[in-house]
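Just so you know, residue 1 is the first one in the sequence shown, and it goes up from there. Predicted, not measured: the structure shown is a model, and the values here were computed from it.
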Amino acid sequence: MKKIATALLAAALLPLPLQAQDTAENLVAGMRKAEMTYKELMTLMGKSMGMMQEGVLTHNREMVEQGANIIFTHPAPNHSPWAIMKPEDQAGFKQALVIYDKVLDEDTNEILKATRSRDWMAATGALSQLQVSCVSCHAQ
């Protein structure tokens, strides 16, 4: 939770020109478009997290690597993700999208770092942090 609050605070304190470079529109434009909705994309992300979880539980580093790869290279949906929100909520959603995309990558990197060194307890903790980040984004 502390990491998420720090990320949100840091984003709020960034100079405006730097924030403009890192927009939700730029994030989505830099991704491959997939023939799927945002809901289907979130299902894919959940399955990749499940794959990493199973890999950690069974000490299967390849499963963790495959799940992480999906998170790192996930495509964009076939529509603007913020279209699922009411117009008055879209600006906040866009900001959260940019922040949480980075947070998910950071959390996933921590899982990989732990599994590559075969520190399965650390991997479990990092996986728990990824789950907290996912739930926090959805709650927001």
Self-check item: Pair listing, salt bridge (Lys or Arg N to Asp or Glu O under 4.0 Å) test, anchored in residues 40-58, at least two apart
Solution: none
Quiz item: So which heavy atom on Ile111 is nearest to which on Val56, and how close?
Solution: CG2-CG2, 4.3 Å
Quiz item: Quick one: do Leu104 and Leu127 end up in the same hydrophobic cluster if we chain Ile, Leu, Val, Met, Phe, Trp and Tyr together by side-chain heavy atoms under 4.5 Å apart?
Solution: yes
Practice problem: State, to 0.1 Å, how close Tyr100 and Ser136 come at their nearest heavy-atom pair, and which atoms those are. | Solution: OH-CB, 3.7 Å
Self-check item: Within residues 77-86 or reaching into it, pairs that qualify as side chain to side chain donor-acceptor pair (under 3.5 Å) - sequence neighbours excluded
Solution: Glu35-Asn78
Quiz item: Do Met31 and Asp101 have side-chain heavy atoms sitting under 4.5 Å apart?
Solution: yes
Exercise. Write down the atom of Ala76, the atom of Val28, and the distance for their closest heavy-atom approach.
Key: CB-CG1, 3.8 Å
Exercise. Find out if a path of hydrophobic residues (ILVMFWY) with successive side-chain heavy-atom gaps under 4.5 Å connects Ile99 to Met42.
Key: no
Practice problem: Mind checking side-chain hydrogen bond (donor to acceptor under 3.5 Å, both in side chains) for Glu25 and listing every partner two or more places apart, or none if nothing turns up? | Solution: Lys94
Self-check item: Heavy-atom pair with the smallest gap, counting every atom of Met49 and Cys134
Solution: SD-SG, 4.1 Å
Quiz item: Which heavy-atom pair separates Asp107 from Leu130 by the least distance, and what is that distance?
Solution: OD2-CA, 3.6 Å
Practice problem: Check for a donor-acceptor pair, side chain of Gln90 on one end and backbone N or O of Met85 on the other, with a separation under 3.5 Å. | Solution: yes
Exercise. Tell me, please, which residues at least two apart from Gln131 pass side-chain hydrogen bond (donor to acceptor under 3.5 Å, both in side chains).
Key: none
Practice problem: Identify the two heavy atoms, one from Thr37 and one from Pro77, that lie closest to each other, and give their separation to 0.1 Å. | Solution: C-CB, 3.7 Å
Exercise. Using salt bridge (Lys or Arg N to Asp or Glu O under 4.0 Å) as the criterion, list what pairs up with Arg116, not counting sequence neighbours.
Key: Glu65
Quiz item: Pairs in or reaching into residues 115-140: which pass ring pair (Phe, Tyr, Trp, His ring centres under 6.0 Å), with residues at least two apart or in two chains?
Solution: His59-Trp120
